[in-house]
> 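Below is one structure. I have some questions about it.
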2 protein chains.
Amino acid sequence: MDEDMKDYTSETDQDTSTLHGEEFQTVAFLAKSLSDENRLRILLCISQGKKAVGSIVEELRLSQPLVSHHLKELKRSLLVTTTRSGPFIYYELSDFRILEAIKALNTVARDLLATRTTF
Amino acid sequence: MDEDMKDYTSETDQDTSTLHGEEFQTVAFLAKSLSDENRLRILLCISQGKKAVGSIVEELRLSQPLVSHHLKELKRSLLVTTTRSGPFIYYELSDFRILEAIKALNTVARDLLATRTTF
DNA sequence: TAATCGTATCAGTGATTATTTATATGCTAA
DNA sequence: TTAGCATATAAATAATCACTGATACGATTA
């Protein structure tokens, strides 16, 4: 059961210099989670601390079903975790290094746009 | 063959700690380019050096129109540049730091899968 | 119990996209 | 000019996805 993703044994050192096999799939899956502007806003929003859905809705001025939809997607990619407290459901980042990855993308993006010759 | 890597001294102070405004859009756009398994394979493929379309087709065993389609998408996101030499069109990475971003995503993805509580 | 608040889910729609097959375009040599 | 190779593009399909509006679910309180 649970054949979505595979587990790794972390006994030996992993090769971080290149991707192989199913890693292309997992990286693509993770990148897809970051490929939506609203999801990025949500991630940055809850990076300040765990927040309930209503707070995110209010802060980002998005509809509640839309925020719930994106949070579900972020949870599916394991980027966020939830904790219930009464009627509130708090969402928080599961790994803050995703912020470093986002910043790396931002740096590259800014440079690509800056050094662009045409336009 | 010269690698045109650049030094990055900030001429204007850039805020790398957070995203604001249009940066969400550009990061999402860049992430979308990385959100496809075949495009990641293509990027890693040409990271070994500039390659013609036929070489990529052969190496990745994808159809030629599919490779051309993805290369067009990668060019649209400024991740690759082209050089024509006779009938051949060579594609190469425009910024090798995208590999670092991909590796960062891979590390996070591997950790998310590893530390996941399997119910 | 009922009522209310917070959140999730359902159904539908329009837009985007990955892929295939077929065709067109561009370059070079004979 | 022709033929032939390398690459791009067009057309069609199927799948995915972001978003909206409506509704359902769950927890708390009266």
Side-chain angles (χ1 to χ4, degrees), chain A residues 4-5 22 24-46 49-93 118, chain B residues 22 24-46 49-92:
Chain A
D4 282 347
M5 304 187 172
E22 75 278 344
F24 286 99
Q25 205 175 346
T26 58
V27 170
F29 185 70
L30 190 58
K32 187 153 54 177
S33 261
L34 305 179
S35 69
D36 184 88
E37 191 178 343
N38 286 329
R39 275 197 293 272
L40 289 176
R41 290 201 150 90
I42 291 174
L43 284 177
L44 269 291
C45 176
I46 66 178
K50 58 176 62 176
K51 290 181 181 174
V53 180
S55 303
I56 304 173
V57 167
E58 188 176 294
E59 188 168 335
L60 300 183
R61 295 187 170 187
L62 300 173
S63 75
Q64 180 266 316
L66 184 56
V67 170
S68 273
H69 163 69
H70 284 309
L71 286 172
K72 184 179 183 179
E73 188 65 27
L74 290 172
K75 197 173 180 182
R76 204 166 72 94
S77 62
L78 307 178
L79 282 177
V80 302
T81 57
T82 58
T83 50
R84 178 150 217 157
S85 172
F88 301 95
I89 302 183
Y90 292 93
Y91 284 79
E92 65 178 327
L93 280 187
T118 58
Chain B
E22 62 181 13
F24 287 99
Q25 205 175 347
T26 58
V27 171
F29 185 72
L30 191 57
K32 187 153 52 179
S33 262
L34 306 179
S35 70
D36 183 90
E37 190 178 344
N38 286 329
R39 275 196 294 271
L40 288 175
R41 289 200 152 90
I42 290 175
L43 284 177
L44 269 291
C45 176
I46 65 177
K50 59 176 62 177
K51 290 181 181 174
V53 180
S55 302
I56 304 173
V57 167
E58 189 177 292
E59 187 168 335
L60 301 183
R61 297 185 169 184
L62 299 173
S63 75
Q64 180 267 316
L66 184 56
V67 170
S68 272
H69 163 70
H70 285 309
L71 285 172
K72 184 179 183 179
E73 188 65 27
L74 290 172
K75 196 173 182 182
R76 206 165 71 94
S77 61
L78 307 178
L79 281 176
V80 303
T81 57
T82 58
T83 312
R84 177 147 221 157
S85 172
F88 301 96
I89 302 182
Y90 293 93
Y91 284 79
E92 64 178 327

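Proteins come first, then strands; the chains are lettered A, B, ... in the order of their sequence lines, and each starts at number 1. These figures come from a predicted structure and were not determined experimentally.
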> For residues Ile42(B) and Val80(B), determine if any side-chain heavy atom of one lies less than 4.5 Å from a side-chain heavy atom of the other.
no
> Would you check if there is a donor-acceptor pair between the side chains of Ser77(B) and Glu73(B) at a distance under 3.5 Å?
no
> Around Gln25(A), counting heavy atoms of other residues, nucleotides and ligands shown, do more than 12 lie under 6.0 Å from its CD?
no
> Would you mind telling me which residue lines up with the more 5' stretch of DNA chain D, Arg84(B) or Gly86(A), judged by nearest nucleotide?
Arg84(B)
> When all nucleic acid strands are considered with a 4.0 Å heavy-atom cut-off, which category describes Tyr90(A): base, sugar-phosphate, or nothing?
nothing
> Contact boundaries of DNA chain D with chain A (under 4.0 Å, heavy atoms), 5' to 3'?
dC17(D) to dT28(D)
> With Glu58(B), which residues qualify under salt bridge (Lys or Arg N to Asp or Glu O under 4.0 Å), at least two apart?
none
> Expected output is a numbered-order residue list: members of residues 33-46 of chain B with a heavy atom under 4.0 Å from any atom of DNA chain D. What is it?
none
> Just verifying a value: how many Å separate Glu92(A) CD and Leu79(A) CG, rounded to the nearest 0.5 Å?
13.0 Å
> Please list, chain by chain and in numerical order, all residues satisfying side chain to side chain contact (heavy atoms under 4.5 Å, CB included) with Leu44(B), sequence neighbours excluded.
Thr18(A), Phe24(A), Ser47(B), Leu99(B), Ile102(B)
> For DNA chain D, find the residues of residues 59-74 of chain A with a heavy-atom distance under 4.0 Å and give them by number; none if there aren't any.
Ser63(A), Pro65(A), Leu66(A), His69(A), His70(A)
> First contact, last contact: which nucleotides of DNA chain C are these for chain B, 5' to 3', heavy-atom distance under 4.0 Å?
dT17(C) to dT28(C)
> Base, sugar-phosphate, or nothing for Lys75(B), non-hydrogen atoms under 4.0 angstrom?
nothing
